[in-house]
There are 2 protein chains.
Amino acid sequence: MSMDGQDEPPRAGGGRTRIQERNRAAILEAGLAVFSATGFSGATLDRIASEAKLSKPNLLYYFPSKEAVHMALLTNLLDAWLAPLRALDPEGEPVAEVLAYVRRKLDLSRDFPRESRLFANEVLRGAPHLSGVLEGELAALVEDKAAVLERWMAEGRLARVPPKHLLFSIWALTQHYADFEPQVRAVLGQGHDPFAEAGDYLETLFRRLLAP
Amino acid sequence: MSMDGQDEPPRAGGGRTRIQERNRAAILEAGLAVFSATGFSGATLDRIASEAKLSKPNLLYYFPSKEAVHMALLTNLLDAWLAPLRALDPEGEPVAEVLAYVRRKLDLSRDFPRESRLFANEVLRGAPHLSGVLEGELAALVEDKAAVLERWMAEGRLARVPPKHLLFSIWALTQHYADFEPQVRAVLGQGHDPFAEAGDYLETLFRRLLAP
DNA sequence: CCTTGATTTGACCAGTCGGTCAAAGCCACG
DNA sequence: CGTGGCTTTGACCGACTGGTCAAATCAAGG
């Protein structure tokens, strides 16, 4: 929503103009649309600029390069992406906590499918811009939460499964509905609400898996 | 492994030369490597050609365009991709059949991760070249097998869950280990065999989910 | 109104891309 | 050994891409 981890070319001291705020936001919005739909190499500055209703040189006045737009998007994305896992409460009731995490993650896929695809696109290519964060921030957070899960399992309040693979399965199952949407729609046909059905199904799945 | 669904420019009558066989195979192999690593737009004919140890015009002597190479790969891929589901035996023991399907699909992800990523890349972009097959062949096959699963559930030999979502979850969980490999490695650290662990975990997961 | 800095743009550039083409090499068979 | 068709290639092309730049426009304060 805020804070882009990018060098801002204009303005030496302090605040951004309203016009800067607006244009940077428009560029990020357009970039998200184009990058998530076509991948990094498929996206062109012309297309992003026109989507943002700017000229290409004008876009490059706000971001120094195509890569910079892409990086800003990925950086913004990661906070939102990790938040649900951060919210897993070590003091909560184990099964309920995990199920709540699953739901939050599924809601993210439903409400921000473009972000999900942007992320998938990046990891698919080997995560060239993300490897640092994956091995740093993400790995640390997972280590932390995996310990919580492990404790719950040791206390007999959660069925014993490999904690990290449990997390993988949550990520895989929730992202699938955003990233493979065309396939899901093709298989289900019309008259379905994929995310609503998925919510019920995933609750059943993880409840049965994790019931102590 | 064989049969590419593409117009073959040379040779009017019948058989392909050994040299044609070899070069077409080299191009497809190189194309798979490059497309799966960089996506369609990120791949260049020069790179595919050099990977195949051919000149670019020579590559275009065997395939009429970049798109043609891509299409040939997708076509080849789909047979292999659907085979495990086709092998689901309506006369078999339900839980064992599903678990066998999961294992076959996971083996596919382990042994053919590039194919998995190629497929993911395509669906991520909205499946422009696959929508026909998805809504036709795939949808029909799923309809068929979903009916089998439904029957097993009605007979009380399989826990009752939405059959199509059950299939989604199998696809999501098995493909995840190939498509998000960088993330998996970053989280697990060293000294792990992701696919071996995944095999055990997924067996547990689906056994608990599906036990009648 | 006029200055000053923020903003916007048209023209342009060098590099790369997918693809073409005519000519050259190569190979098997008569 | 020569010939005809398969195979290979260097040179080339037009389109497009990311990015630059100097000049024009705009907005706000004095």
Side-chain angles (χ1 to χ4, degrees), chain A residues 4 6-28 30-31 33-35 37-74 125 128-129, chain B residues 4 6-28 30-31 33-35 37-74 125 128-129:
Chain A
D4 30 79
Q6 217 42 43
D7 299 318
E8 339 222 329
R11 208 95 242 191
R16 265 119 283 164
T17 320
R18 267 126 296 158
I19 219 168
Q20 279 185 34
E21 209 75 54
R22 184 172 53 81
N23 280 347
R24 288 181 68 91
I27 291 168
L28 290 176
V34 176
F35 281 129
T38 67
F40 181 79
S41 337
T44 72
L45 283 181
D46 279 299
R47 198 158 149 58
I48 297 175
S50 98
E51 203 109 343
K53 292 185 216 298
L54 296 173
S55 64
K56 181 169 59 172
N58 201 8
L59 185 156
L60 287 164
Y61 172 71
Y62 291 100
F63 289 87
S65 68
K66 177 181 170 182
E67 277 240 355
V69 180
H70 193 242
M71 283 283 285
L73 282 168
L74 284 177
R125 286 192 327 177
H129 297 322
Chain B
D4 31 78
Q6 217 44 42
D7 298 319
E8 339 222 328
R11 207 98 242 190
R16 264 119 284 166
T17 321
R18 267 126 297 158
I19 220 168
Q20 279 185 35
E21 209 76 54
R22 183 171 54 82
N23 281 346
R24 289 183 65 94
I27 291 168
L28 289 176
V34 176
F35 281 129
T38 67
F40 181 78
S41 335
T44 72
L45 284 179
D46 278 298
R47 198 159 147 56
I48 297 174
S50 99
E51 203 109 341
K53 292 185 216 297
L54 297 173
S55 65
K56 181 169 59 171
N58 200 9
L59 185 156
L60 287 164
Y61 172 73
Y62 290 100
F63 288 88
S65 69
K66 178 181 167 182
E67 277 240 353
V69 180
H70 193 242
M71 283 282 288
L73 281 168
L74 284 177
R125 286 193 325 177
H129 297 323

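Numbered from 1 within each chain, the chains take letters A, B, ... in sequence-line order. These numbers come from a predicted model, not from an experiment.
Summarising the geometry, the separation between CZ on A:F63 and P on C:dT8 is reported as 13 Å, rounded to the nearest angstrom. The interatomic distance linking B:Y61 (OH) with D:dG5 (P) rounds to 12 Å, in whole Å. Going from atom CD1 of B:I27 over to atom C1' of D:dT7 covers 12 Å, rounded to whole Å. Computed from coordinates, the B:L59 CG to C:dG18 C1' distance equals 11 Å when rounded to whole Å.
In this model, the phosphate group of C:dT9 is approached by a side-chain N or O of A:N58 to a distance below 4.0 Å at OP1 or OP2. Phosphate contact (OP1/OP2 of D:dT7, side-chain N/O of B:Q20, threshold under 4.0 Å): present.
By the 6.0 Å and 45° rule, B:K66 does not stack over the aromatic ring of B:F35.
Side-chain atoms of B:T38 come within 3.5 Å of backbone atoms of B:A43 as a donor-acceptor pair (strictly under, hydrogens ignored). When atom types are taken as modelled, the side chain of A:R125 and the backbone of B:G39 share no donor-acceptor pair closer than 3.5 angstrom.
What you find for B:R24 and B:Y62 is that their closest heavy atoms are NH1-O, 3.2 Å. Residues B:V34 and B:T44 come closest through the heavy atom pair CG1-N, 4.5 Å.
Comparing C:dT9, C:dA6, D:dT8 against the side chain of B:N23 picks out D:dT8 as the nearest. In the set C:dA6, D:dT9, C:dT9, the nucleotide with an atom closest to the side chain of B:S55 is D:dT9.
Taking CG of B:N23 as the start and CZ of B:R18 as the end, the distance is 13.0 Å to the nearest 0.5 Å.
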*Could you encode protein contacts along nucleotides 14-30 of chain D as a string, one character per nucleotide from 5' to 3', using B for base contact, S for sugar-phosphate-only contact and - for no contact, with a heavy-atom cut-off of under 4.0 Å?*
---SBBBB---------
